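In this text the structure is predicted, and so the values were computed from the model without any measurement.
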Amino acid sequence: MTIQLDLARVPFAADLARYGDSPAILTRSGILSYQELADRVTALARRLGPVRRLVALAAANDVDSLVAYLAALESGHPLIVVPADKPSALDAVLSVYDPDVVLRSRAGAAGFDERRPGTAHELHPDLALLLSTSGSTGSPKLVRLSHANVQSNAEAIADYLGIGPGDRAATTLPMSYSYGLSVINSHLLRGAGLVLTEHSVVDPCFWDLFRSAGATSFAAVPYTFELLERVGFAGMDLPRLRYVTQAGGRLDPDTVHSFAELGPPPRLEPFRDVRRHGGDRPDGLPPAGPGDHSAPDHRYPGAWRVLPD
């Protein structure tokens with residue numbers, strides 16, 4: 001089966017070059033400009049070909065994974081994202097969803113596994129992204145997102161947080177997690193920088209890179225705050241830190257107040273996740289079953305975030 005690309009794509013991923021020489025990716029190895037990132041994305045998008053195909057990405061927080069993710073969004077190939085450090089997740093996707101192409105990072109080189117020249121699937125024209133639901137057991141269940149879902153998600157978060165070209169976000173969460181992706185998308189939309197790392201907040205190397213790259217924000221889940229207390233976050237000198245966001249579960253009120261008081265002056269505000277269109281909880285989302293690549297679900301997992309001024 002062959003379905004020609006209809007040019008449906010995610011606008012921010014297709015328009016990276018407009019930010020030119022501004023820093024897009026900052027790592028221990030150096031800086032990648034928006035133009036350089038766009039060139040890599042375009043090259044991989046061309047390699048994916050003119051036939052719209054289902055692509056699986058075993059993603060890590062590295063440049064190769066980011067390029068692969070953006071290439072699929074830029075060129076209109078629906079993408080399933082799974083964590084690179086969990087081979088069983090990819091095995092399950094291969095068995096149940098049978099992607100046409102598998103992308104992964106292999107010791108610093110992008111892996112491109114073409115499983116067939118065309119596609120074995122009938123893919124809905126609006127379908128952009130398939131993300132695993134948290135806590136899924138047995139057959140993997142995926143939430144479907146359209147190109148408009150991904151773009152509007154990034155725009156709403158960037159608007160709320162006031163993200164601009166001078167911001168730089170550290171990647172504290174996996175790219176395979178919707179919250180981690182929202183950080184990536186919203187910053188690339190606005191020409192901001194991504195401090196790309198797989199180090200944990202308990203690793204001194206994370207904070208060395210955070211300072212040297214001039215990071216202004218990071219995202220956290222409740223357990224992250226336990227780790228931050230353990231490493232003495234309250235006493236750290238982080239002159240460019242502008243805010244911390246939190247999702248992934250309810251944060252204990254005492255912890256909220258404790259961390260908010262570190263900011264001058266504190267402002268506690270529940271951030272109703274602007275990504276959501278529908279129910280109050282993400283666990284009611286209808287998943288995509290095996291072989292189901294029909295219309296995306298227009299509801300997106302919700303969360304509350306707490307921001308200091």
Can you check whether [Y]'s main-chain N or O pairs, donor with acceptor, with [X]'s side chain at less than 3.5 Å?
X	Y	value
Asn149	Ser146	yes
Arg53	Pro117	yes
Ser258	Asp254	no
Asn61	Leu173	yes
Tyr97	Ala92	no
His77	Ala72	no
Ser65	Ala60	yes
Thr42	Asp39	no
Asp100	Ala120	yes
Arg115	Pro99	yes

Out of curiosity, [X] [atom1] to [Y] [atom2], how far, rounded to the nearest 0.5 Å?
X	Y	atom1	atom2	answer
Phe259	Leu251	CZ	CG	8.0 Å
Leu70	Ile184	CG	CD1	8.0 Å
Arg240	Arg211	CZ	CZ	14.0 Å
Leu103	Leu57	CG	CG	6.0 Å
Gln35	Arg40	CD	CZ	12.5 Å
Leu127	Glu122	CG	CD	12.0 Å

Should Arg144 and Asp126 count as an ion pair when the cut-off is N to O under 4.0 Å?
no

Is any NZ, NE, NH1 or NH2 atom of the basic residue among Asp208 and Arg28 found under 4.0 Å from an Asp or Glu carboxylate oxygen of the other?
no

Check for me, please, whether [X] and [Y] land in the same ILVMFWY cluster - side-chain distances under 4.5 Å, paths through other members count.
X	Y	answer
Phe210	Val202	yes
Leu194	Ile31	no
Leu37	Leu26	no
Leu238	Leu262	yes

Taking the side chain as every heavy atom from C-beta outward, state whether [X] and [Y] have any pair of such atoms under 4.5 Å apart.
X	Y	answer
Asp237	Trp207	no
Val183	Thr171	no
Ile157	Thr245	no
Val201	Phe233	no
Val82	Ser176	no
Gln246	Pro222	yes
Leu48	Val55	yes
Val244	Leu228	no

Can you sort out the partners of Asp91 under salt bridge (Lys or Arg N to Asp or Glu O under 4.0 Å), two or more places apart, ordered by chain and number?
none

Can you name the closest pair of heavy atoms from [X] and [Y] and give their distance?
X	Y	value
Tyr19	Leu189	OH-O, 2.7 Å
Ser182	Asn153	CB-OD1, 4.1 Å
Ile25	Leu66	CD1-CD2, 3.1 Å
Ala56	Leu79	C-CD1, 4.3 Å
Pro125	Arg52	O-NH2, 3.5 Å
Val195	Ala215	CG2-CB, 4.1 Å

Below 30° counts as parallel, above 60° as perpendicular, anything between as tilted: where do the rings of Phe218 and Phe206 land?
perpendicular

How about Arg46: does its CZ atom have over 12 heavy atoms from other parts shown lying under 6.0 Å from it?
no

Between Tyr243 and Asp167, does the side-chain hydrogen bond (donor to acceptor under 3.5 Å, both in side chains) criterion hold? Intermediate values first, please.
CA-CA 10 Å; Tyr243 60 81; Asp167 284 307; 5.4 Å; no

